[in-house]
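Just below is one structure, and these are the notes that go with it.
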Number of protein chains: 2
Amino acid sequence: MLITDINQMKQISKNLKKEGKTIGFVPTMGYLHKGHISLMECSKKDNDITIVSIFVNPTQFGPNEDLDKYPRDLERDLKICKEVAVDYVFHPKAEDMYPEGYSTYVVMETLTDKLCGKFRPGHFKGVLTVVNKLFNIVKPDKAYFGKKDYQQYIVIKKMVEDLNMDVDIIGCPLIREKDGLAMSSRNKYLSQEERERALSISKALFKAKDLFEKGETNPKNLIKEMKKIMENNVDEIQYIEIVNPKNLEPKEKVEKGDIILVAAFVGSTRLIDNIEL
Amino acid sequence: MLITDINQMKQISKNLKKEGKTIGFVPTMGYLHKGHISLMECSKKDNDITIVSIFVNPTQFGPNEDLDKYPRDLERDLKICKEVAVDYVFHPKAEDMYPEGYSTYVVMETLTDKLCGKFRPGHFKGVLTVVNKLFNIVKPDKAYFGKKDYQQYIVIKKMVEDLNMDVDIIGCPLIREKDGLAMSSRNKYLSQEERERALSISKALFKAKDLFEKGETNPKNLIKEMKKIMENNVDEIQYIEIVNPKNLEPKEKVEKGDIILVAAFVGSTRLIDNIEL
């Protein structure tokens with residue numbers, strides 16, 4: 001069932017809670033792919049009711065980013081949500097989420113200044129604000145985020161903890177295409193030739209994991225090997241970092257459980273990917 | 001019943017909601033006076049359950065402000081809460097509200113840069129953050145704020161609206177001592193001599209209201225008359241402004257419903273007061 005009105009969504013969630021139903025929530029920007037579907041499946045398994053939001057959130061895009069061209073196809077998304085049999089799709093209007101005079105934001109003074117946050121100033125402020133709003137509207141017991149956006153997952157977990165919100169944040173595994181490319185709505189931007197070159201990102205991650213498992217624990221060496229694979233394929237490496245999975249601090253000596261995070265441009269498309277060691 | 005544990009408070013509120021009880025909430029910094037009691041009485045009238053929080057919130061004090069000497073008397077406060085027969089008193093520890101590594105804040109990009117916000121940078125960031133946290137913990141249906149802190153009341157109302165929170169913000173009338181002094185926990189700081197001089201603030205407000213009712217609509221003239229009364233009594237006038245009660249913008253021509261806001265130092269004590277026209 002499609003809901004576009006914020007107050008209607010609030011009322012539905014309120015009633016569901018009153019009836020003692022548990023709510024699972026999958027916030028998305030739409031243009032759904034198998035990654036999103038895996039989140040919906042997780043939610044359906046864990047909760048009585050699953051609500052998916054589709055909202056391309058303007059406040060998390062920088063002035064030179066791809067807000068306008070971000071892929072949208074509501075009809076297709078609704079068909080997918082129907083096939084997966086989620087209970088509600090919440091698709092609010094930007095002017096209702098951010099009416100004239102809107103001025104309240106959630107900010108985080110750690111975690112958001114590094115990795116993607118360093119290259120996308122204001123991005124996490126927008127993410128935290130919209131997720132906070134969506135949680136208040138949808139009132140989920142559990143909310144599902146893909147670990148493809150690993151920093152986002154950690155930052156949202158931290159917001160919920162700091163602000164004493166009543167939501168369990170569930171991080172779900174990154175889903176890849178058969179050839180290894182991490183699933184992303186932005187993959188649509190890639191030409192066939194760019195898509196080939198983009199594969200170097202996952203290849204580099206797999207290589208690093210392989211080297212780590214063979215005994216290499218120096219992050220510099222691992223990153224050097226990754227760069228070798230990516231350098232002639234991607235157009236710009238924004239960062240490759242091997243970090244502690246909880247606080248996102250770079251490691252001096254790599255350990256099991258650490259995570260390698262990558263952001264790179266292929267053509268004008270910014271892609272992110274990661275792998276847990 | 002005194003609750004100091006955040007998770008216990010969350011669980012109690014969750015259970016109350018499940019039982020269909022309505023929760024009224026009175027957040028305070030303690031050292032309770034008749035103003036607070038009037039909020040509790042309002043809450044008791046409107047709701048099944050009334051919860052009072054007592055928490056001197058460190059994040060809303062500036063580095064040169066009175067956090068350390070802010071008056072505290074938990075025993076006395078608990079006695080008052082018992083007399084008024086509120087249901088729960090929530091008194092969390094600062095180190096539980098802001099554990100090591102705490103880093104999430106709620107900020108507002110309008111309304112907070114003027115009046116008190118101008119003289120207390122960061123103050124409203126601290127207020128919004130703690131109120132957001134307390135609302136998430138206590139889950140009130142209605143929350144009660146004194147209009148003595150008028151800007152705070154407006155700013156919290158705006159946060160709740162912007163972040164789609166499920167709380168009705170109820171502004172309750174400012175309560176005065178018999179001689180006109182606005183009730184405040186900070187009045188305790190005043191010596192007898194300072195207290196006398198502090199009366200000039202309410203006197204000036206009453207005078208301005210009287211002049212307005214007699215036809216004076218020029219804010220400059222009203223403020224000039226107020227300054228005459230206050231100048232030789234208070235030690236510093238931080239601001240006197242006549243504003244629109246909703247957006248706190250200064251008025252060029254004063255109308256019924258506008259509000260006069262004052263902040264002044266008497267000795268080292270900062271006092272605020274206001275009057276609705």
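Every chain is numbered from 1, with letters handed out A, B, ... down the list of sequences.
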Determine whether more than 12 heavy atoms belonging to other residues, nucleotides or ligands lie under 6.0 Å from atom CD of A/Glu95. yes
Check whether any side-chain heavy atom of A/Ile6 sits under 4.5 Å from a side-chain heavy atom of B/Asn164, and report yes or no. yes
Is the number of heavy atoms from other residues, nucleotides or ligands within 6.0 Å of CD (B/Glu75) greater than 12? no
A/Asp162 side-chain N/O to B/Ser103 backbone N/O, donor-acceptor pair under 3.5 Å: yes
What's the separation between atom CZ in B/Phe135 and atom CE in A/Met165, rounded to the nearest 0.5 Å? 13.0 Å
Where A/Leu163 and B/Asn136 come nearest, the two heavy atoms and their spacing: O-ND2, 2.8 Å
Neighbourhood of chain A inside residues 11-29 of chain B, taking heavy atoms under 4.5 Å as contact: B/Lys14
With chain B, the option among A/Asn247, A/Val130, A/Val155, A/Thr110 that has the most non-hydrogen atom pairs under 4.5 Å is A/Thr110
Separation between NZ (A/Lys158) and OH (B/Tyr102), nearest 0.5 Å, reads 8.0 Å
